[in-house]
Every structure is written in C-alpha cells, then in structure tokens.
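One structure below.
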Amino acid sequence: MRYVDEFRDRDQAVRLAAAIASAAKPDREYRVMEFCGGHTHAIYRYGLADLMPPNLGFVHGPGCPVCVLPTARIDQAIALGEERGVTLCTYADMMRVPGGDRRSLLAAKADGADIRMVYSTQDALAIARAEPERQVVFFAIGFETTTPPTAVAMQQARAEGLANFAVFCNHVLTPPALRAILSACEGVRIDGILGPSHVSTVIGSEPYGFVAEEFATPLVIAGFEPLDLMQATLMLVRQIDAGVCAVENQYRRAVSPAGNRKAKSLMAACFEVRDRFEWRGLGFLPHSALRIRDDWADLDAEVRFPLAPVASREQKGCECPAILRGQKAPVDCRLFGTACTPQNPLGSCMVSSEGACAAYWSYGRFRDAAPPRERAA
Amino acid sequence: MCLAIPARIVAIAPSSDLATVALGDVRKEVSLALLEDAAIGDYVLVHVGYALNKISPEEAEITLRLMAEMGVQADPRTAIREAGGAAGDAA
C-alpha cells in the first residue's frame, strides 16, 4: 500500500457516487462546507462536484491560511523585508499575495529587498547559520499543521544560540474560524462540514465537539484523496438524513482523538493564544491565532523590530471576503477571470493554489459559466 | 498550505532528527522532530520538510473495507444517471 492509488480508484469512486446519490433524498438540498482549501482543490481537481447529485453542493470554507491573512500583515512583512540587514524567509505561497496597495513580497524583492522563498523552517535556520551578519526573519503563516515546524525551529535556534533568527508569527487556529462561520455568517446555510485532514492529525478530533454540540451541525474529518472526500460526504449525508449531529472521523489512518501529542506540546511551549487576530473576510476574531510566549520574546520579530500598525485595505470590487465566508462563489465576483487571473491576481483566493478562485479558474471556470448547477442552492 | 504527502522512511540518521523518505523515485530529507517514534519502513505524512504523523496501515485497511461496503449498497447505473454522467446510459 502506498496510501495514494488505493484512494483514487475509479471504480470505487463510481460506486461511492452511486451510494451518495441513492442516500441523498431528492426533496431536499444538501449544503456541505469543506473547511480546508486543500479539499476545495481536490474537489475540483478530481471532478467530485460533478459526481454529486444535483441537490448536493459544496460551500467553500476559509481554510486557506494564505487567503485569510489580512493585507495589514502582508504590508508589515514587506516592511520587515525592507529593513536594512534583514533577510525575510517565506513559504512560496505568500510571495505573490498583494498587500494593501497591491504590492507583494515579490515586488519588494524585485525592488531590492532580501526576501527568500524557503520550503521548510529548516532552510531558514540554515540561512541564519550561514549568514550570521544578517537578521533572518521567518514569516510564519499557517494553521495548526504548519505551526509545529515553526516551534521546532524556535527550539533549535535557542539550543544552538542562533541570535540572528526571529519569527514573525501569523499562525491561526481552526476551531475559532469554524465557530465564526457557524455563528456569524448571514445567508450561509451549512448542513454539514468536511473537517480538515492535516490540521486534525495535529489537534485530533476532540476539539471539534462544539460543532455538533453547540451548533447542531455534523462534522466528518476527511482525508485529502478523492475517495476520502466521497466517503466523508456520504457519512455526512447519512447523518443529515438521520437527524444526527456527531463528529466522525473518516481519516482514521492519520487522525486520532487526541492528535499528535508531541507536536501539541511543542506548540504549547512556544506559543499562546492571542486575544484577537484579524482574518480576511471574517474580521477580528477573539482567541483565533497564536502569538509567541513572553519567555521566547527574544525570537519574536514583533518585539525585535517594532512594526508600525497598518490598517487592512481590500481591493475594490474583490469578493474574497464574501467568498471566504461561504456567502459567494468565485463566479459571483466581477473581477473573476477578467481583471483577476492567476497571472495577475488581485485577491488572495486567486493567488493561493488552494484558494477557491484559483480552483475554479483551473478546473471549473467553463462549467460554472453555464447555468451553475453547483450554485443552485 | 496544509498539503501533506505520504512517503516511506528509508533511512534514519543516527543521533539526529533527520530521516530520508522515498516518494516513488524521489528521495528527500525530512525532520522527525514531531514524532515520538518512527522506524524504517513506516509511512509518514510529509509537510514542509517535517513528518507530521505516521500513517496506520491497519486503519487504512479498515477505511478501504468500509468504503467497499458502502459502495455495494447502491445501484450504480441509476446513480450515475442521477449524478449527471453519461456512463450509466452506456452501460
């Protein structure tokens, strides 16, 4: 078993599609939100939306850390990158995201700032070791999946005495975003949620209990492969039909109830919950992100390089905020496919390959230009 | 962003957190710092240069078996037609 091909089997997909179609009652609508941008991408890449019955639609959630980062934080990262003597290291996903005045890290790099793409926090540490005269700042973004690698790098930097390494922390938390979507978003009806795969390998299935208990919404943690998503969708349809609200785990091969204890304890050692943090599309959410603990302040870029506060500004006409709340689909945006394309993105959902707009552009822009079946609800 | 890829551990460096994983013919060095224990031959989920978690072969078998059971409960031909595909008509 390689854990890939087995979960992409065509015949099994046809059988699961049949099972979903026969389980779904024809006289009701099913609105299923996939929280994670990776799921959005997989749904379009493998054509899963076309395998669903016409009364089952996917609503795209805010689980793309590149998409939800407000322009203010991007502008601050650009300012950090432009500081004399600073080398800003970032995951490649962030390079092309426009800030408040449409300037990106890539543009700042072209203007001479020392901004480098890294694959791993280990690469950023290697730069700090090799160039002790530079201040190396790691632009840390991501949900709980990507946070433990940042914590490992911080522990290593301290153990090695790497005084020229710091972290600009923008790590965000999944459960508060789910809570915001379920409690505050007008005009979005969600019958069930496909829970994230790899966030859940870290935090486990336990933190999702409130979705079923407080919001009476079923949630099924789903793997990333197409058959995983189809099986999880079938599990949701069965819960919805039975009037049951429970947290189920389809991705058992990698997700346990408690998650990865070692990763969680590393995170807890280095980070604590911020009082509030701004999310693109969702506004300021309480207790929704992490900051570096005071006893790690020597590694905190926000302490070492006091950053001027910046207000977030949205691109005029860009519907990313409503798309991230699940209120609109990419084709509802006037800029989609005209002014805003992957080559020249205006909004974050088009920049990130996991953004809903990029997924529509790559796999669904012609289909959804016709009477939009998937948006019928 | 949260993409993670299953890969098999083929070598573990002594006295460090580093391991080599194989993904088809591609070899890559990853950190095992987030795992309690790992051995050569284990499959792990690789994310930004770190092994996030081990993949349980037993649980994967259970999932595949459940999928197969769920799939036999429906008549594929009607379902494909309902789902909008043409394959059901051709069959």
Side-chain angles (χ1 to χ4, degrees), chain A residues 1-4 6-7 12 14-23 36-38 50-54 63-66 91 93 119-123 141-143 145-146 148-149 152 196-199 201-202 223-224 227-228 231 234 250-255 260-263 266 352 354 373, chain B residues 1-8 16-18 22-24 28-38 43-64 66-85 87-88 91:
Chain A
M1 188 169 331
R2 290 173 54 237
Y3 305 100
V4 177
E6 300 85 355
F7 295 92
Q12 184 60 45
V14 170
R15 286 192 289 272
L16 280 174
I20 294 168
S22 70
C36 170
D50 294 320
L51 290 172
M52 295 297 135
C64 160
V66 176
Y91 292 128
D93 314 42
Y119 163 67
S120 166
T121 55
Q122 292 296 321
D123 299 342
I141 67 151
F143 283 93
T145 326
T146 315
V152 171
S197 314
H198 296 134
V199 163
T201 71
V202 174
F224 255 71
L227 293 189
D228 289 321
Q231 185 182 24
L234 178 56
Q250 182 276 335
Y251 198 36
R252 298 159 47 134
R253 62 187 183 278
V255 174
N260 181 336
R261 287 198 175 84
K262 190 173 179 192
L266 279 164
S352 167
E354 289 170 3
R373 198 190 68 177
Chain B
M1 184 81 211
C2 291
L3 188 67
I5 295 167
R8 185 169 45 90
S16 85
D17 285 332
L18 294 177
L23 227 170
K28 180 115 188 90
E29 199 161 74
V30 302
S31 166
L32 300 180
L34 301 176
L35 300 184
E36 307 265 4
D37 62 320
Y43 271 84
V44 290
L45 286 166
V46 175
H47 172 70
V48 296
Y50 290 78
L52 264 190
N53 228 330
K54 286 199 289 187
I55 304 177
S56 156
E58 297 82 20
E59 292 289 355
E61 289 292 348
I62 294 172
T63 302
L64 287 170
L66 282 172
M67 263 182 210
E69 287 169 11
M70 284 173 149
V72 296
Q73 293 169 5
D75 173 6
R77 288 206 296 173
T78 52
I80 290 172
R81 214 174 292 128
E82 282 169 18

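Predicted model, so just to flag it, every value in this text is computed and none were measured. The sequence lines fix the lettering, A, B, ..., with proteins before strands; numbering per chain opens at 1. Scope of the values below: all heavy atoms of this structure, side chains included, with no hydrogens, waters or symmetry mates.
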- Identify which part of B/Ile62 has an atom lying under 4.5 Å from any heavy atom of chain A, answering side chain, backbone, both or neither. side chain
- Task: Below 4.5 Å from any heavy atom of chain A, which atoms of B/Leu45 appear? Answer side chain, backbone, both or neither.
- Result: side chain
- Item | Close side-chain approach of A/Phe224 to A/Val4, heavy-atom, < 4.5 Å | no
- Message: Side chains of A/Met52 and A/Ile20, heavy atoms from C-beta outward: is any pair under 4.5 Å?
- Response: yes
- Does the ring of A/Phe7 carry A/Arg253 above it, NZ/CZ under 6.0 angstrom from centre and within 45° of its axis? yes
- Item | Non-neighbouring partners of B/Tyr50 that pass ring-ring contact (aromatic ring centres under 6.0 Å, His included), sequence neighbours left out | none
- Centroid-centroid under 6.0 Å between A/Tyr251 and A/His198 rings: yes
- Item | Heavy-atom closest contact (B/Leu3 atom, B/His47 atom, distance) | O-ND1, 2.9 Å
- What is the minimum heavy-atom distance between B/Ala4 and B/Leu52, and which atoms define it? CB-CD1, 4.5 Å
Shorter than 4.5 Å, heavy atoms on both sides: which option in [options] has the most such pairs with chain B?
options: A/Met1, A/Gln250, A/Arg261, A/Glu6; answer: A/Met1
options: A/Val255, A/Leu227, A/Leu266; answer: A/Leu227
options: A/Leu16, A/Val202, A/Thr201; answer: A/Thr201
options: A/Pro149, A/Ala263, A/Ser120; answer: A/Pro149

Could you tell me which portion of [X] (side chain, backbone, both or neither) has an atom closer than 4.5 angstrom to a non-hydrogen atom of chain B?
X: A/Gln122; value: both
X: A/Asp123; value: neither
X: A/Glu354; value: side chain

